[in-house]
Number of protein chains: 2
Amino acid sequence: MSPRRATIADVARRAGVAPSTASVVFSGKTSVSDATRARVLDAADQLGYTGPDPVAASLRTGRSGIVGVVFEEHLGRAFLDPVKTLMMDGLADAVAPLGAGLLLLRDQEPAGTGPTLTTAPLDAAVLVGCSGLLRESLHAVRARGIPVVVIEGDAGEDVPRIDLDNREAQRQAASHLRGLGHERVATVTLPIRAGWRAGWVEPDAEISVEVTRDRLDAVRDVYPDAPAYAASASSIDEGLAAGRVLLADPGTRPTAVIAQSDLLGAGVIRAAEELGLDVPGDVSVTGFDGIVVDGLAPYRLTTLVQPATEKGRAAGRAVAALVDGDDAPSISLTSTFREGNTTAPPPSPASVD
Amino acid sequence: MSPRRATIADVARRAGVAPSTASVVFSGKTSVSDATRARVLDAADQLGYTGPDPVAASLRTGRSGIVGVVFEEHLGRAFLDPVKTLMMDGLADAVAPLGAGLLLLRDQEPAGTGPTLTTAPLDAAVLVGCSGLLRESLHAVRARGIPVVVIEGDAGEDVPRIDLDNREAQRQAASHLRGLGHERVATVTLPIRAGWRAGWVEPDAEISVEVTRDRLDAVRDVYPDAPAYAASASSIDEGLAAGRVLLADPGTRPTAVIAQSDLLGAGVIRAAEELGLDVPGDVSVTGFDGIVVDGLAPYRLTTLVQPATEKGRAAGRAVAALVDGDDAPSISLTSTFREGNTTAPPPSPASVD
DNA sequence: TTGTATGCGTTATCAG
DNA sequence: CTGATAACGCATACAA
């Protein structure tokens with residue numbers, strides 16, 4: 001089509017100024033007389049010049065304006081999780097002042113050709129996830145000397161982390177149930193490791209997902225013998241399946257179920273409904289996250305509200321600091337307990353009183 | 001920290017070869033003797049050189065390996081929509097062979113500082129959305145001479161589009177209901193314009209969202225007088241609200257509701273349940289999208305299955321073609337009708353027969 | 001198979 | 001406030 005795209009040199013020539021002057025007009029780093037500014041802008045207009053080439057500018061300034069966000073999973077899966085979605089929102093907000101955008105990256109690119117951590121022009125990277133899979137990504141990034149922040153991940157070393165007080169928070173839910181008088185409590189957990197398929201968590205099971213382990217430990221702090229069933233994902237359908245298993249047998253049925261996510265909790269409620277059980281009359285249910293579960297009304301889950309958006313924002317701020325050469329502290333965010341209408345004292349077992 | 005990052009020149013020097021040779025070792029564009037390759041790799045290793053600087057390489061090759069994806073809305077909102085999520089998956093797949101990653105961009109950056117369309121190093125852009133808001137983005141991109149593809153958008157001009165056969169598809173659902181004998185049918189639509197708040201769609205209302213208009217027209221093709229209620233978003237809760245309005249009055253209650261998305265349809269079903277109505281005994285419900293609605297089981301919506309992932313893939317392929325200098329055709333994808341268990345003949349009004 | 005030379009489009013620096 | 005100059009780090013055409 002066009003013979004060649006105009007460059008800032010062309011613009012300068014046409015405006016009768018030096019390239020450096022034209023450059024300054026666009027960057028605004030130095031003041032320019034109104035007259036020359038107008039001439040330059042005019043020339044740019046005539047040439048169809050829309051501004052400095054980002055790549056060339058990056059090469060010169062050393063900044064690309066791009067922050068990579070690395071997920072362990074298929075992108076589609078990641079965004080199915082409302083918490084991650086909110087986190088992305090916060091992240092987008094926080095890196096905007098930096099003038100940066102978010103580049104979506106997957107941890108393990110389908111072999112061969114890929115964009116990725118090693119070949120993308122990154123100013124910084126945010127690793128999102130929990131298991132140790134990120135190890136490799138972490139290494140790649142650090143080798144390149146790119147600042148990195150980890151959200152809820154076991155990064156070890158001196159990488160700034162953004163974390164949640166999972167154990168303390170989850171313990172509040174458990175304590176709340178104990179305060180109500182519950183004795184028989186079960187828990188539905190998030191996956192205990194990558195590739196996990198739903199099932200009971202054996203006492204000696206190895207739990208490689210930190211979030212899962214922390215929240216489970218919290219439940220055990222209060223109810224040492226609570227049976228745990230791990231779902232294969234955080235979704236209503238998975239919670240429903242787990243709920244069926246947990247609530248099916250009237251003999252062993254718990255009077256309360258602690259779910260590690262609101263979606264799982266919503267599923268457990270559905271399971272209870274299905275079995276003709278009243279929530280919270282027959283069985284109490286707690287969640288975790290504090291998201292709005294679409295379609296769950298009129299139930300309002302008793303849950304731990306985690307600052308999901310703030311998580312992203314904190315990560316974004318940390319990234320911004322690192323990019324500016326400052327160092328960023330690790331941060332632990334706290335969740336707050338919110339009582340809804342899905343928890344109540346357990347049904348009195350024998351007496352109708 | 002480090003005095004200065006090693007460059008390929010440093011590596012070459014240390015390996016005792018020319019920079020171009022070292023370059024070739026990393027790009028693999030030409031064969032190199034095993035001996036020199038080893039020497040170069042070795043030198044790189046010692047120097048902590050992790051590969052060519054992406055930015056410098058981009059400047060030279062003219063490719064950044066980045067495809068921008070532009071949303072009209074807040075990122076969080078966009079990813080709440082399962083269809084968009086799937087689309088992103090397809091897109092990610094299709095641009096991977098190109099060696100490209102996806103950069104998230106918002107249509108209207110909160111004024112002032114921002115990343116954006118004009119300042120990001122882009123090989124191509126994909127515009128996602130329906131209203132005319134994208135006009136500005138479109139202009140910015142084209143001015144830069146960047147290839148662009150529009151998904152379900154009114155791009156006009158000669159921009160390749162990826163579209164859906166909304167009207168034909170939706171008509172199938174309407175015809176299906178007519179075939180079952182339904183006479184009184186209402187429809188719940190997606191928003192009719194940006195910023196719309198739920199409410200009835202007046203006959204003369206201006207509908208600026210193309211998808212909404214097409215699907216509504218299709219319903220009107222079959223049921224010219226069908227009342228239409230437009231939701232403010234595609235979600236179960238919005239569908240529930242709409243369903244309550246539509247189904248509340250037994251006198252005017254439709255025997256079937258055509259929802260413009262599966263989420264809305266799911267909400268209508270909930271509304272029916274709430275009112276003690278049987279689906280599909282008392283009221284039939286159809287959706288659109290063919291996604292898995294978390295928590296809707298045992299209902300399986302009668303719906304139009306749209307190739308959401310394929311939509312993204314097609315866009316990705318189009319982008320790839322454009323980047324390679326070929327031209328890409330506009331494409332219209334077709335949705336397929338799928339009968340679930342939420343539609344049945346209308347209840348016989350008077351007779352028990 | 002390897003080396004040489006050149007320019008991709010900018011912007012920081014510093015002198016005028 | 002403006003202009004000259006020198007990199008930024010690399011990939012390619014071409015010659016050897």
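Lettering follows sequence order; numbering is per chain, from 1.
Residue B/Y49 is classed as a sugar-phosphate contact, given heavy-atom separations below 4.0 Å to backbone atoms only. Within the 4.0 angstrom heavy-atom criterion, only backbone atoms of the sugar-phosphate kind lie near B/T36; the bases stay farther away. The residue B/V55 sits apart from the nucleic acid: no heavy atom pair falls under 4.0 Å. Counting any heavy atom pair closer than 4.0 Å across all strands shown, A/S33 reaches sugar-phosphate atoms only and no base atom. Note on B/I8: only backbone sugar-phosphate atoms sit closer than 4.0 angstrom, heavy atoms only; bases stay farther off. Residue contacts for B/V32: at a heavy-atom cut-off of 4.0 Å it reaches the sugar-phosphate backbone alone, with no base atom in range.
A/L103 CG to B/L104 CG: the interatomic distance, rounded to the nearest 0.5 Å, is 9.0 Å.
Checking the phosphate oxygens (OP1, OP2) of D/dC10, no side-chain nitrogen or oxygen of B/S23 falls inside 4.0 Å. Side-chain nitrogen and oxygen atoms of A/S31 include at least one within less than 4.0 Å of the OP1 or OP2 phosphate oxygen of D/dC1.
Of the candidate nucleotides C/dT10, C/dC8, D/dA4, D/dA4 has the atom nearest to the side chain of A/S20. For B/P52, the listed nucleotide lying nearest its side chain is D/dA11; candidates were C/dT10, D/dA11, D/dG9.
Taking all atoms of both residues into account, the shortest heavy-atom contact from A/A120 to A/R144 is O-NH2, 2.7 Å.
You won't find any donor-acceptor pair under 3.5 Å spanning the side chain of B/S27 and the base of D/dA11, going by distance alone. The base of C/dT11 lies close enough to the side chain of A/R60 for a donor and an acceptor atom to sit less than 3.5 Å apart. At a cut-off of 3.5 angstrom, counting only N and O atoms as typed in the model, there is no donor on one side facing an acceptor on the other between the side-chain of A/S58 and the base of C/dT10.
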Q.
side-chain hydrogen bond (donor to acceptor under 3.5 Å, both in side chains) for A/D123 and A/S64? Distances and angles first, verdict last.
A. CA-CA 6 Å; A/D123 284 346; A/S64 63; 3.1 Å; yes
Q. Stepwise, does the salt bridge (charged side-chain N to carboxylate O under 4.0 Å, His left out) test hold for B/R142 with B/D158?
A. CA-CA 11 Å; B/R142 305 208 72 188; B/D158 48 358; 3.1 Å; yes
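Only one option out of A/V17, A/T30, A/T36, A/V40 pairs with A/V24 in a side-chain contact (heavy atoms from CB on, under 4.5 Å); it is A/T30.
Rounded to an integer number of Å, the gap from B/D10 CG to D/dC10 C1' is 13 Å. In this entry the distance linking CZ of B/R13 with C1' of D/dG9 reads 13 Å, nearest Å.
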